[in-house]
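Notes follow the structure.
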Amino acid sequence: MTVEELPVEGFERVVVDRAPGGALRSVIAVHDTTLGPALGGVRMRPYDNEEAAVAECLALARAMTLKAAATGLELGGGWSVIPGDVSAKTPELLLAHGRAIASLAGRFIPVNDVGTDQDDLRKIGEVAAPVCAQGDPSPWTALGVAAGILACARHLGHTELTGLRVGVQGAGHVGSALVHLLAEAGAEVLVSDVVAERAETVAESVGAEVVDPGALLTRELDVLAPCALGGVVTPASVGELRCRVIAGGANNVLASTRLAEDLLARGIVYAPDFCVNAGGAIFLQEQLLGHDHEAIRRRVLTVGEVITDLLTHATTDGIPTTQAAHDLANARLAKAAAAD
Ligand code: NAD
């Protein structure tokens, strides 16, 4: 194993693992461990070049620090990337990545992400500890999103979700679990997926309406819950939206942070994605701490309190909720750093 340090401003550690011959085998970024060890995904996908792989790894690690800090986790932010098609994944490659992770002596705790699954994490766990490989976080992400949606509804003067019309974009792991929670809470649920049968299956089980994926964003909704891919709010779509709230599981819902100001100007309440979708990360932290399901549930439901605080702060100061979330995260990091 040839692990090299890559000095990157603003990062505690960035290590690069090279195969014999010098090709990049993986990169691991530990952005900030002020609040605790850095939790982060292991992503495997092809990149155009080494720089692109490193750049995505750094961006994801930074975003994880922000999520952990804004939502009160005792964790830092990191990420790792194995460049290449998943067809090139072998036990030897995963073990090499595990040894590179082990060189960080527990400062990076990996979890599966795009291109990796829990079996891969267990393989990595043969040579590195700890790793997160004990259960799907998606239902917990959905539980946190449901709590965040209720917080947004209360901010607008509703007491419960009963009768509110919620459109869920994406009926995958998070979206389908969310549809069930919303239906149980009495919401009128609309669901769409580019794979129509996914939307149909979940809609049938709870009596929801299936909507064409191209039509959901322009439907009149109380809440739009993006649970598919990012880039839902774009300069083109922002003027077309007919919802009062946006709160969902997807990452990077805004194509650019500037769009948070456009949503504010249009009076659309936006629950920052990296806060409202933190239930899965909370689950992983609580599991690492050995807490039981009831304790995990209580902790995940605090996502609602975080969203309420952000909405209050943003309204009082007349700023976008994304700005309020950055302020909260930076204040927490500064306080913890000063206490060290
Ligand atoms: P998933 O792949 O299981 O589900 C995504 C679904 O969205 C798929 O069924 C796909 O067909 C559908 N889809 C894609 N484009 C669509 C479109 N334009 N309109 C409608 N449907 C579309 O993924 P997931 O694990 O449910 O995650 C969903 C989102 O939440 C992702 O952005 C992910 O990064 C984010 N997220 C997930 C978790 C988690 O715990 N799984 C945690 C935090 C964030």
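Note that ligands are numbered from 1 as they come in the structure, with each ligand's atoms numbered from 1 the same way.
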**OP:** Output all residues satisfying side chain to side chain contact (heavy atoms under 4.5 Å, CB included) with V210, sequence neighbours left out; order by chain, then residue number.
**Re:** A199, E200, A203
**OP:** Could you pull out the closest heavy-atom pair between L264 and P320, with the gap in Å?
**Re:** CD2-N, 3.8 Å
Subject >> R45 NZ/CZ over Y47 ring centroid, <6.0 Å and within 45° of normal >> reply: yes
**OP:** Examine the side chains of N112 and D120 and answer whether a donor and an acceptor come within less than 3.5 Å of each other.
**Re:** no
What are the polar N/O contacts of ligand 1 with the protein below 3.5 Å, with distances?
from, atom 1, to, atom 2, distance (Å)
ligand 1, 3 (O), H173, N, 3.0
ligand 1, 3 (O), H173, ND1, 2.6
ligand 1, 9 (O), D193, OD1, 3.4
ligand 1, 9 (O), D193, OD2, 2.7
ligand 1, 9 (O), R198, NH1, 2.6
ligand 1, 11 (O), D193, OD1, 2.6
ligand 1, 11 (O), R198, NH1, 3.1
ligand 1, 21 (N), V194, N, 3.4
ligand 1, 26 (O), H173, N, 3.1
ligand 1, 26 (O), V174, N, 2.8
ligand 1, 30 (O), G249, O, 3.1
ligand 1, 32 (O), A228, O, 2.8
ligand 1, 32 (O), N251, N, 3.4
ligand 1, 34 (O), N251, ND2, 3.0
ligand 1, 36 (N), G249, O, 3.4
ligand 1, 40 (O), T141, OG1, 2.7
ligand 1, 41 (N), S138, OG, 3.1

**OP:** Decide salt bridge (charged side-chain N to carboxylate O under 4.0 Å, His left out) for R332 and E74; before the verdict, give the C-alpha distance in whole Å, the side-chain angles of both, and the deciding distance to 0.1 Å.
**Re:** CA-CA 11 Å; R332 191 161 172 252; E74 307 301 324; 3.3 Å; yes
**OP:** Give a yes-or-no answer on whether the side chains of T308 and H155 include a donor-acceptor pair shorter than 3.5 Å.
**Re:** no
